[in-house]
Number of protein chains: 2
Amino acid sequence: MTVSRRDQILQVAARLFAERGYHSVGMDDIGAAVGISGPALYKHFRGKEAMLTELLVDISEQLLARGELRASIEDPKQALAALIEGQVEFALRHPDLITLHDHALNQVPTAERHRIRRVQRAYVELWVEVAMKAHPNRLDDREARAAVHAAFGLINSTPHTLRTPQRILAPMLSRMALAALAAAG
Amino acid sequence: MTVSRRDQILQVAARLFAERGYHSVGMDDIGAAVGISGPALYKHFRGKEAMLTELLVDISEQLLARGELRASIEDPKQALAALIEGQVEFALRHPDLITLHDHALNQVPTAERHRIRRVQRAYVELWVEVAMKAHPNRLDDREARAAVHAAFGLINSTPHTLRTPQRILAPMLSRMALAALAAAG
DNA sequence: GCCTCGAGTTAACCTTCGTTCACCTGCCCC
DNA sequence: GGGGCAGGTGAACGAAGGTTAACTCGAGGC
């Protein structure tokens with residue numbers, strides 16, 4: 001695991017931001033957590049906002065990329081199951097990033113925030129299309145969008161529930177999300 | 001609607017905190033939003049933290065009280081449906097409070113935070129017991145707890161989805177939550 | 001050997017923001 | 001009609017915290 005100092009800092013910052021909230025974490029805290037002190041971080045990042053921005057851009061783009069792969073499966077029901085499984089897997093592997101993803105978006109500067117929102121919207125769109133193909137004639141566009149958001153809420157609840165073993169949690173969440181979407185129409 | 005100035009301030013503060021995040025809202029912002037200016041708020045509250053604390057204590061106690069009523073229905077399946085319906089109703093009526101409820105808890109002082117956590121835990125416990133009675137032999141304690149958190153995540157996703165008409169959204173979310181919990185075991 | 005440069009350090013700066021202070025009002029009550 | 005209190009005001013204070021500045025130090029390249 002040759003993780004660059006830069007990446008190490010990002011990782012630690014993500015954890016701290018998720019645990020305590022963006023504004024409650026000082027630059028000194030982040031520095032201390034990687035063994036350097038405060039202002040040294042400016043050798044690696046333009047500032048605190050830049051760190052958060054980079055994290056959120058990465059997350060949203062990574063989710064979209066993974067999602068596009070899985071959504072390209074021909075059978076809509078299988079594609080939907082794959083999307084769900086992918087989201088569950090990601091949420092379990094990176095609970096900090098999931099937490100950041102919907103707690104800290106308001107703190108990133110406007111221009112970049114719009115960019116992130118576009119990527120997020122594309123990811124939602126992916127799900128909506130697949131969900132409507134998987135359950136034809138049962139969901140209109142707006143309902144599907146709401147149902148997909150609900151499924152995200154379900155899956156992304158995992159950061160609150162990490163005490164349960166993943167072997168059990170992952171398939172359970174997948175089953176629940178699938179059932180919820182099936183019941184949406 | 002004879003809403004006292006105090007309540008008006010709390011309501012406005014909840015909206016601002018939910019929209020922009022606790023730390024991004026200044027006392028001057030809250031004051032301006034109710035037509036008075038900054039320091040005047042100290043005539044009604046001990047400080048900014050006190051406002052947030054009062055909001056969160058109220059929410060959690062209100063949820064628990066409503067929940068206890070609904071959980072007391074004899075038939076477990078009906079009780080579970082009633083709990084779900086109640087949570088959906090609350091989430092749709094008070095999206096700001098729902099947002100606060102899981103975004104801002106870290107910002108309240110330790111002592112009060114523990115008190116709020118206890119009430120929250122009691123509410124979760126209510127759901128867990130009802131869910132296990134409604135689906136006997138299919139959920140152990142830990143799974144049930146995770147499943148309940150997932151259901152909360154599903155229902156509490158509504159703040160992201162307020163564009164959809166409530167007449168459609170409310171029953172859909174209830175159906176989804178019910179199906180998700182049924183699929184958990 | 002010297003120069004550069006990346007990566008740190010500490011001290012200082014400066015803005016933001018929660019909070020306090022001193023003061024002002026209108027209203028109610030007797 | 002004068003005292004008191006609820007509810008405001010604007011000015012000032014003080015701590016927190018993100019950022020900058022000036023300096024140091026070790027490792028390669030020529």
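Predicted model, so just to flag it, every value in this text is computed and none were measured. Residue numbers begin at 1 in each chain, while the letters A, B, ... track the order of the sequences. Worth knowing before you read on, the calculation uses all heavy atoms, side chains too, and leaves out hydrogens, waters and symmetry mates.
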Self-check item: Along DNA chain C, first and last positions that approach a heavy atom of chain A under 4.0 Å
Solution: C:dA7 to C:dA11

Between [X] and [Y], does any side-chain donor sit less than 3.5 Å from a side-chain acceptor?
X: A:Q11; Y: A:D96; value: no
X: A:Y123; Y: A:Q87; value: yes
X: A:Q107; Y: B:S24; value: yes

Practice problem: With heavy atoms under 4.0 Å as the rule, sort A:V34 into base, sugar-phosphate or nothing. | Solution: nothing

Report, one line per pair, each donor and acceptor closer than 3.5 Å where one atom sits in a side chain of residues 167-185 of chain A; sequence neighbours left out.
from	atom 1	to	atom 2	distance (Å)
A:S174	OG	A:A170	O	3.3
A:R175	NE	B:A183	O	3.0
A:R175	NH2	B:A184	O	2.7
A:R175	NH2	B:G185	O	3.4

Quiz item: Taking DNA chain C as the partner, which of residues 6-24 of chain B come within under 4.0 angstrom of it by heavy atom?
Solution: none

Quiz item: Using a heavy-atom distance cut-off of less than 4.0 Å, which residues of residues 42-55 of chain A contact DNA chain C?
Solution: A:K43, A:H44

Quiz item: Starting at the 5' end of DNA chain D, which residue's closest nucleotide do you reach first, A:M27 or B:S37?
Solution: B:S37

Quiz item: For B:Y42, is the NZ or CZ atom of B:K48 found under 6.0 angstrom from the centre of its six-membered ring and inside 45 degrees of the ring axis?
Solution: no

Self-check item: Residue list, side-chain hydrogen bond (donor to acceptor under 3.5 Å, both in side chains) with A:E89, at least two apart or on another chain
Solution: A:R93

Exercise. At the 4.0 Å heavy-atom cut-off to chain A, mark where contacts on DNA chain D begin and end, going 5' to 3'.
Key: D:dG18 to D:dT20

Quiz item: Got a donor-acceptor contact below 3.5 angstrom from the B:E129 side chain to the B:L126 backbone?
Solution: no

